[in-house]
Amino acid sequence: MQTVAGLGAASVAGCSGLTGGDGGDGGDGGSVDPVQERETVEPGDIKEGGTFKTAIGENPDTFDYVESTSASATILHNLLYEGMVTTDAAGKLYPWLAESYEQVAVNDVTAADYTSYMSSAQYAETDDGAVYIDTDAQVIIESPDNPNSPSAGDEAQVLTPKEATQAVSDGTFGMHYTFQLHEGIKFHDGEELTAPNVVASYERVQNSGLSGQIYDSLLDIQANGDYTVELYMQLPDAAAIRELGGLPVYPTKMTDLELGQMDPRQGNTPLGTGMFKLKEFNNEEYVLFEKNENYWFDTGMKDWFEGPSEFPNGPVVDEVDVAIIGSDSQRAAALESGEIDMSYGLTASTLTNYQQAEDYRTAPTNGAGYTFLQFPVRQEPWTNAKIRRAANKLIPRQSISENIFQGWEEPAWVPLPPLAARTGSTDYEAMVENLKSYNTYEPEAAAELAEEAAGEADVEFPIEVTLETNSDNDDRVRTVELIAESMSQEIDGTQYFDVSVNTKEFLTFISQLLSTDYWKQGKLAFIGLSGGFNPHGYAKSVHSPQNFAQCCNFQNIDIEELNQAMEQARYGPEVAQDPELRRERYEKVWKMILEENANSYGTHSTLVGVVNNDVKGFNTYPSTQDIIGYAMYNPADQQITYLDR
């Protein structure tokens with residue numbers, strides 16, 4: 001569900017749309033700038049100072065990145081924390097806290113090669129009957145010989161961090177990268193950044209809410225002296241650098257904290273190396289950041305910087321004031337009254353009005369995400385893929401795009417947004433043409449699929465179901481209401497679905513989705529995913545059992561054939577070193593996803609920041625998570641925002 005720097009994880013999106021990840025392309029990411037009509041700035045025109053005022057749609061769940069699931073919270077994180085790599089808006093990777101990095105080795109290693117290093121643990125059972133491996137250690141790899149249907153008391157063989165270090169020392173690992181850190185970088189509290197800080201920051205992911213998205217790749221991390229970091233992956237991994245290189249790095253004062261404690265509400269001011277520092281936080285009201293006057297960055301430190309020597313070495317605004325305003329209409333009103341300078345996540349009709357107004361500028365960017373409807377695949381009759389596909393055939397995507405989003409967002413004919421097309425398809429337009437029929441609106445085809453399912457099992461029509469979404473996004477609520485109405489229609493005299501709608505406040509909805517028992521309730525969930533430049537995140541986040549009760553497998557989806565196809569598209573020396581083969585394998589994944597239809601896709605996101613005319617140079621990042629930080633300063637795109645007032 002979230003991202004820092006390289007968009008390495010996925011986030012649940014409330015008012016807009018990560019995880020995530022990319023790689024296998026030499027770090028080039030996308031080749032086309034997704035920012036539409038980019039506004040450029042001449043360094044000589046820049047005015048320094050002032051407070052940039054904006055708003056987010058939800059109170060941050062936590063400032064502790066590894067425990068957060070909210071894209072809105074990650075917006076704040078990205079002002080404070082930084083990683084060893086960063087990206088431009090097109091997804092190209094650049095060394096950041098690291099001066100450089102290089103791939104040292106790729107080995108043809110599988111999970112079975114770690115079995116001799118594994119330790120034993122027992123399976124246990126929760127009160128509601130779920131079986132799990134009973135260990136306090138982070139499980140990195142499970143033995144392929146572990147029982148497929150274990151019972152409490154059975155034995156499991158697992159690789160934990162302790163054994164992983166021994167495997168690495170023996171030369172058993174999938175990939176090895178070396179990062180050379182810049183010397184002299186200071187954290188907000190004055191401590192110098194060193195390799196042990198990076199190691200401690202990465203180890204903090206263990207058993208956190210982010211562990212499922214990181215320990216599908218990470219094997220071990222070690223400090224080699226003060227400024228060299230050795231990063232090891234379990235398997236040859238095409239998404240390795242994108243997934244792992246941009247994780248936030250913290251000072252010792254932060255890494256010593258228990259999970260969830262890196263938060264002012266817990267008495268701890270979050271600290272990083274970022275261009276801003278936390279100045280003031282009033283829970284559920286606002287967050288105030290001040291410019292880091294001792295910011296470490298200098299364009300002369302980076303041989304990849306191609307801008308003019310006059311380009312600033314950091315943001316030029318003094319403060320960033322982020323109000324917490326849950327309603328999109330209230331955020332629009334705050335923009336019109338001058339209370340804030342920028343808003344995002346507004347309804348399509350509001351965006352259209354701003355587009356036509358002289359006192360404001362809309363800044364659209366092709367987005368890194370989608371909306372999706374997730375089915376209760378383990379509850380009857382939704383266990384039958386034909387029932388799920390029947391419901392899918394009743395989703396009027398084109399109408400949603402045209403009538404609700406007024407063309408700002410495009411129908412999601414395939415599960416891969418165009419932003420990740422370069423690494424996730426051989427020919428994106430051809431793939432859309434070939435697969436579009438799965439997602440076209442066809443009531444007669446829906447009826448045929450439903451009748452076929454009824455012939456295979458005892459299904460009584462209409463199927464009564466509740467469709468849930470978050471209440472604080474008007475376009476999303478309207479979308480869900482339209483889907484419910486369409487699904488509930490009669491087709492040739494038969495009503496196949498009877499759908500009611502239930503809306504909840506965003507954080508309440510998310511906490512329920514991330515519980516371990518939501519999948520038992522038999523409800524349909526509609527939410528947004530904010531991803532990144534890596535195709536894997538758009539498949540794994542919403543399907544992999546590793547992401548169950550995290551972002552974004554809420555319904556305990558576990559389809560073995562699909563799991564294997566996803567792994568074959570990401571892991572192994574062939575795809576790690578052959579981008580074309582990787583793209584071919586992902587095209588098979590997208591078709592399989594549409595066949596299984598555990599998730600239905602609504603629209604591919606367009607991120608639109610709206611600014612008043614005092615704001616100069618603002619451009620919108622393709623993912624919600626960095627909509628403020630990117631605009632304030634990103635030298636990779638010579639991006640900077642200043643205030644002309």
Side-chain angles (χ1 to χ4, degrees), residues 1-4 9 11-15 51 53-82 187-189 191 200-201 203-211 247-292 319-327 330-331 340 345 470-472 504-515 530 549-551 624-629:
M1 294 181 197
Q2 69 216 319
T3 63
V4 164
S11 302
V12 194
C15 295
T51 299
K53 298 171 292 182
T54 185
I56 57 176
E58 302 91 32
N59 199 46
D61 53 357
T62 177
F63 284 80
D64 201 337
Y65 174 81
V66 299
E67 289 288 270
S68 177
T69 59
S70 166
S72 290
T74 312
I75 292 173
L76 309 180
H77 302 165
N78 279 333
L79 298 173
L80 299 168
Y81 314 135
E82 297 176 313
F187 290 105
H188 295 150
D189 63 354
E191 180 183 358
S201 298
E203 290 178 343
R204 209 168 174 278
V205 176
Q206 294 176 16
N207 293 318
S208 72
L210 190 63
S211 61
L247 289 178
V249 181
Y250 320 105
T252 304
K253 188 181 295 185
M254 295 291 99
T255 55
D256 283 347
L257 295 173
E258 298 288 335
L259 291 176
Q261 296 296 305
M262 196 184 298
D263 193 289
R265 287 163 291 195
Q266 304 299 326
N268 299 302
T269 300
L271 305 170
T273 59
M275 52 190 170
F276 291 95
K277 300 191 292 185
L278 182 64
K279 183 177 182 180
E280 189 176 344
F281 174 50
N282 194 326
N283 193 34
E284 298 187 347
E285 293 190 15
Y286 65 86
V287 192
L288 183 62
F289 298 89
E290 61 182 346
K291 183 168 65 174
N292 180 4
E319 294 181 327
V320 175
D321 188 351
V322 185
I324 299 164
I325 304 176
S327 164
Q330 290 178 326
R331 290 196 301 278
I340 61 177
N470 54 297
S471 59
D472 48 341
K504 299 179 180 180
E505 187 271 337
F506 178 69
L507 291 181
T508 299
F509 186 37
I510 293 305
S511 67
Q512 293 177 358
L513 290 178
L514 297 178
S515 69
S530 186
Q550 297 188 21
C551 176
T624 309
Q625 289 96 320
D626 211 18
I627 193 169
I628 300 176

Report the residue from Lys53, Lys277, Lys279, Lys291 that forms a salt bridge (charged side-chain N to carboxylate O under 4.0 Å, His left out) with Glu319. Lys279
Closer than 3.5 angstrom, by distance alone: can the side chain of Asn59 be matched with the main-chain N or O of Ile324 as a donor-acceptor pair? no
What's the shortest heavy-atom distance between Thr54 and Ile340, and which atoms? O-CG2, 3.6 Å
Below 4.5 Å, heavy atoms only, C-beta onward: do Leu80 and His188 meet side chain to side chain? yes
Counting only heavy atoms not in Lys253, do more than 12 sit closer than 6.0 Å to its NZ atom? no
Taking it one step at a time, do Met262 and Val66 satisfy side chain to side chain contact (heavy atoms under 4.5 Å, CB included)? CA-CA 10 Å; Met262 196 184 298; Val66 299; over 6 Å; no
Whether the side chain of Ser208 engages the backbone of Val205 through a donor-acceptor N/O pair (distance < 3.5 Å, no angle test) should be reported. yes
Rounded to the nearest 0.5 Å, what's the gap from SG on Cys551 to CG on Leu514? Could you check? 8.0 Å
Specify whether His77 and Phe63 have parallel, tilted or perpendicular ring planes, treating 30° as the upper limit for parallel and 60° as the lower limit for perpendicular. tilted
All heavy atoms of Ala55 vs all of Arg331, minimum pair found to be CB-CD, 4.0 Å
What's the separation between atom OG1 in Thr273 and atom CG in Asn292, rounded to the nearest 0.5 Å? 8.5 Å
For Asp472 versus Gly57, what's the shortest heavy-atom pair and its separation? OD2-O, 4.1 Å
Could you give the distance from OG (Ser70) to CG (Leu507), rounded to the nearest 0.5 Å? 6.0 Å
So, do Pro270 and Pro264 sit near enough that their side-chain heavy atoms are less than 4.5 Å apart? yes
If I take atom CG from residue Leu278 and atom OG1 from residue Thr269, how far apart are they, to the nearest 0.5 angstrom? 6.0 Å
Are Phe187 and Tyr250, when compared by the centres of their aromatic rings, separated by less than 6.0 Å? no
Would Asn78 and Ile628 satisfy side chain to side chain contact (heavy atoms under 4.5 Å, CB included), going step by step from the backbone distance to the final call? CA-CA 8 Å; Asn78 279 333; Ile628 300 176; over 6 Å; no
Can you name the closest pair of heavy atoms from Ala73 and Thr62 and give their distance? CB-O, 3.9 Å
Heavy-atom closest pair (Ser211 atom, Asn207 atom, distance to 0.1 Å) is CB-N, 3.9 Å
I'd like to check Leu210 versus Leu247 (side-chain heavy atoms, cut-off strictly below 4.5 Å). Are they in contact? yes
Please find the pair of heavy atoms, one from Arg204 and one from Asp64, that lie closest to each other, and give the distance. NH1-OD1, 2.6 Å
To the nearest 0.5 Å, what is the distance between CG on Asn268 and CD on Glu258? 11.0 Å
How long is the straight-line distance from CD1 of Ile56 back to CG of Leu76, given to the nearest 0.5 Å? 4.5 Å
Side chain Asn470, main chain Phe506, donor-acceptor under 3.5 Å: no
